[in-house]
Amino acid sequence: MKRLIICLLGILGSLGYVEAENIEISTPHTSLLLSYETGGALKWVYYGNKLSETDIRSMKSGQWDAYPVYGLNTPSETALSVRHADGNMTLQLEVCEVESSSQDDAELFKVLLKDKVYPLHVTLYYKAYHDVDMIETWAEYSHQEKGEVLLNQFASAYLPIRRGDVWLSSLYGSWANEARLVQEPLLPGMKIVKNKDGVRNSHTAHAEVMFSLDGQPRENEGRVIGAALCYSGNYKLRIDTDESEYHHFFAGINEENSTYRLKADEVFRTPELALTYSEEGLSGCSRNFHRWARTHKLANGDQLRKILLNSWEGVYFKIDEEKMEQMMADIASMGGELFVMDDGWFGDKYPRNTDRSSLGDWMVNEKKLPSGINHLIDEAKGKGIKFGIWIEPEMANLKSELYEMHPDWVLKAKGRDVVTGRGGTQVVLDLANPEVQDFVFGVVDTLMTRYPEIDYIKWDANMSILNHGSGYLGAEEQSRMYIDYHRGLENVCQRIRRKYPKLTIQACASGGGRVNYGLLPYFDEFWVSDNTDALQRIYMQWGTSYFFPAIAMASHISASPNHQTFRTVPLKYRIDVAMSGRLGMEIQPQDMTESEKELYRKAIAEYKEIRPVVQQGDIYRLVSPYDKLGVASLMYVSPKKDEAVFYWWKMEHFHNQHLPRVKMAGLEPETYYRIHELNRIDKQPLDCEGQVFSGAYLMSNGLELPYNHLVDRTEKNEYASRVLRLEKVD
Ligand code: DGJ
């Protein structure tokens, strides 16, 4: 149902009667309040806890434009700046119309604005979810000028944030060290969080941030605003702290080298910025992001994920039929549910034996797999597990049949040599080109048509755009390359999802390079990092959990010493860390001892018990590894609060050290919970094993946990970790 709130332009104004109107955009517990006057600008008034009608009536119209534009207040930061067809650089927007309509899951508000002089229109959208505290906002521009309008700056949204010891939490990192948490006070000047990779956008920084409004960030207390830009391409988040009482937050596509020439009647739509607010600290904000993800922003977010073995760290490129069969038999015998054959299975003229060839040639290498993929699928079926496969469909190698046939499909500046990436020969396909889009869609479609029982695809992307140039786009359109690449990618993803909605697809990009809500609606999960070292994963998964739920975080147990850090970490600790996300394995089971296999078997069986709580529960982060207290801890609590899983990992080891006792959170104070330790290796049970405690006691006191494991002297090491299951006692 569509409702026209008001169509003011000129009507009330002509009667000499001008009164501000409010637009109240509400979710179950939050309100965003905007206001406007006849023929005037749209103003931001408030964002925070849900307002009462009395509060709203008493509030004055806001000081800040809800969507600042460039031209008539030039020193300020702006969301939109254009050059009109006649060269004029200014904008002045007035509200024409406000509509709201009810959708199944949300209320959609549409504010139509128009330039006072030029036929240029801006429509601002606000989508307020009914079932979760999340508001998505984005903008659309169009015009009927004589000629093209240049979009120089085109942010999705702007939010003023009241000053007063506001702290920013954001994620930064690099390959194999993704999603490191940074927390800093917002100081005068400009803070920029950005990406210019072209293909992947979450290795070095993330397009999501949280603002703690009441001083130093706290996990379970305090007011926090969270923001996530839902875009798979280059982005820029700006926080300008000027002389005013507010920090000015802008988020959108990174406009650098991306000036957009908007034709008459063409509609340019920005990606969405998702906003949430919580008074339960950073963890509260995370819970909002996670609920929204599971219900609205993640493919198949309501389905539990399978426990899998991925072949990469087990055999790397050395794929052959025998090894695949053996790995499938092993994971099946340990209780796993899915096997994924990683890189190395394809290429005919150029077999994929290293990373220097074959991308693009998505046919089975018959020397390695003489009986083909159907045979592997049958083998998997015979063992009661599913089969998955790795692809990297946006890429080619110079040494490939694809490149020989279509050298023009590669991104490359005219008149210049190609610039190569991984293996010295990798190149990026030009997804701006519809023919390339068809090809990339065809990679998945052909696999799924030939082998309809493929259950899982690992979609990788291991290269940045290093060479600005599209052979498809005209000379005038080259600055659209980054934007059109991601439009092309989204188009392909939409086609895949329309045809294969239930297929599980992992977003991998040299690890965690594609962890963003722009892409996740098409993917079921993501690979957090190529670094599988359990100790370092605690830091990376901690940061990732700020915005992304455990159900989407692929977290695999790998070999020791670890292949990336060469750290030797005991199996118990590796299991206890991997079990806090979507559990999997990244190892050659053949190299494991029988007693190790037994521990895996037990862990897989126990994970199945706690999987609904981990994958669909609410996160409460308790002690941060970044606080360097010697321990890190978090827990998941079921929505009904009748079950919980508590994780405790010792982060460093000193003799007679003093670790804090960890207070739990998120439980029902009046409810009693029985404690059971999972993955136990100690000779004796913990003192709390089988005991019953009230939620109140666990949250105000916590449990005393021994710092070491009670095992034979020969098995002792510096690591210790605990996973406790809590179940409500009636
Ligand atoms: C990079 C991925 O992140 C790895 O997991 C693996 O799939 C390799 N690519 C394969 O080339």
Side-chain angles (χ1 to χ4, degrees), residues 306-316 318-342 376 379-388 532-535 537 554-611 649 676-686 689 708-723 725:
K306 298 188 185 78
I307 300 163
L308 63 86
L309 169 65
N310 184 57
S311 70
W312 181 242
E313 287 194 26
V315 298
Y316 291 103
K318 294 202 174 75
I319 290 213
D320 66 41
E321 208 158 277
E322 204 183 313
K323 282 197 211 99
M324 297 300 98
E325 287 174 8
Q326 165 259 313
M327 290 179 107
M328 286 196 277
D330 277 328
I331 185 64
S333 77
M334 287 187 277
E337 299 156 328
L338 166 71
F339 173 72
V340 182
M341 178 167 68
D342 207 287
L376 296 178
E379 280 284 308
K381 235 173 29 189
K383 297 186 168 50
I385 60 170
K386 300 280 186 190
F387 181 81
T532 55
D533 173 82
L535 191 73
R537 272 284 181 132
S555 177
H556 295 182
I557 306 162
S558 62
S560 183
N562 180 267
H563 292 190
Q564 294 81 36
T565 60
F566 307 101
R567 200 192 322 267
T568 301
V569 178
L571 182 55
K572 154 82 178 154
Y573 195 90
R574 283 181 271 145
I575 288 177
D576 283 359
V577 173
M579 260 187 150
S580 65
R582 194 280 282 133
L583 178 67
M585 289 164 68
E586 188 87 17
I587 198 166
Q588 170 53 290
Q590 213 172 32
D591 301 338
M592 288 157 38
T593 63
E594 264 321 302
S595 71
E596 282 177 332
K597 280 190 181 163
E598 198 37 52
L599 204 55
Y600 272 99
R601 232 172 250 130
K602 209 168 131 209
I604 289 176
E606 301 203 296
Y607 185 77
K608 286 178 184 167
E609 299 280 316
I610 58 168
R611 174 162 46 188
W649 305 288
H676 168 56
E677 187 188 6
L678 305 181
N679 305 332
R680 190 184 118 197
I681 55 165
D682 297 42
K683 287 181 185 168
Q684 273 174 21
L686 294 173
E689 177 66 38
N708 299 306
H709 288 289
L710 194 61
V711 290
D712 285 343
R713 197 174 171 76
T714 51
E715 286 169 25
K716 283 201 185 288
N717 58 65
E718 71 267 41
Y719 287 87
S721 55
R722 306 280 169 185
V723 182
R725 182 174 185 195

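None of these values were measured; they are calculated from a predicted model.
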(request) List in chain and number order the residues that pass side chain to side chain contact (heavy atoms under 4.5 Å, CB included) with Asp712, two or more places apart in sequence or in another chain; answer none if no residue qualifies. (result) Lys683, Thr714, Glu715
[X] to [Y] - nearest heavy-atom pair and separation:
X      : Y      : answer
Ala720 : Tyr573 : O-CE1, 3.4 Å
Ala534 : Val577 : O-CG1, 3.7 Å
Ala578 : His556 : CB-C, 4.1 Å
Ile557 : Ile587 : O-CB, 4.1 Å
Lys608 : Gly335 : NZ-O, 2.7 Å
Asp576 : Lys572 : OD2-NZ, 2.8 Å

(message) As a quick check of understanding, evaluate side chain to side chain contact (heavy atoms under 4.5 Å, CB included) for Met324 and Val315, giving each step before the final call.
(response) CA-CA 9 Å; Met324 297 300 98; Val315 298; 4.0 Å; yes
Going from [atom1] on [X] to [atom2] on [Y], what distance comes out if it is rounded to the nearest 0.5 angstrom?
X      : Y      : atom1 : atom2 : answer
Ser558 : Asn310 : OG    : CG    : 11.5 Å
Ile575 : Tyr607 : CD1   : OH    : 13.0 Å
Ile604 : Ile307 : CD1   : CD1   : 6.0 Å
Glu325 : Asp320 : CD    : CG    : 9.0 Å
Leu309 : Asp330 : CG    : CG    : 8.0 Å
Arg574 : Tyr600 : CZ    : OH    : 5.5 Å

(message) If the threshold is 4.0 Å, N to carboxylate O, is there a salt bridge linking Glu598 and Lys602?
(response) no
Expected output: side-chain [X] to main-chain [Y] donor-acceptor under 3.5 Å:
X      : Y      : answer
Arg725 : Ile610 : no
Lys323 : Lys318 : yes
Lys597 : Met334 : no

(message) What I'd like to find out is whether the side chain of Pro589 reaches to under 4.5 Å of the side chain of Gln326, using heavy atoms alone.
(response) yes
(request) Compare all side-chain heavy atoms of Leu535 with those of Asn562 and state whether any distance is below 4.5 angstrom. (result) no
(request) Start with the C-alpha distance between Val569 and Asn717, add both sets of side-chain angles, then the distance that settles side chain to side chain contact (heavy atoms under 4.5 Å, CB included), and finish with yes or no. (result) CA-CA 9 Å; Val569 178; Asn717 58 65; over 6 Å; no
(request) Using the side chain to side chain contact (heavy atoms under 4.5 Å, CB included) rule, take Met327 and Phe339 through it: C-alpha gap first, then chi angles, then the decisive distance, then the call. (result) CA-CA 8 Å; Met327 290 179 107; Phe339 173 72; 3.6 Å; yes
Can you sort out the partners of [X] under side-chain hydrogen bond (donor to acceptor under 3.5 Å, both in side chains), two or more places apart, ordered by chain and number?
X      : value
Glu313 : Thr532, Gln564
Arg722 : Glu677, Asp682, His709
Ser311 : none
Lys386 : none

(message) For Glu379 and Phe387: C-alpha separation, side-chain torsions, deciding distance, then whether side chain to side chain contact (heavy atoms under 4.5 Å, CB included) applies.
(response) CA-CA 9 Å; Glu379 280 284 308; Phe387 181 81; over 6 Å; no
(request) Could you pull out all residues at least two apart from His563 that satisfy ring pair (Phe, Tyr, Trp, His ring centres under 6.0 Å)? (result) Tyr316
(request) Applying side-chain contact (heavy atoms from CB on, under 4.5 Å) between Glu606 and each of Arg601, Met579, Arg680, Arg611, report the one that passes. (result) Met579
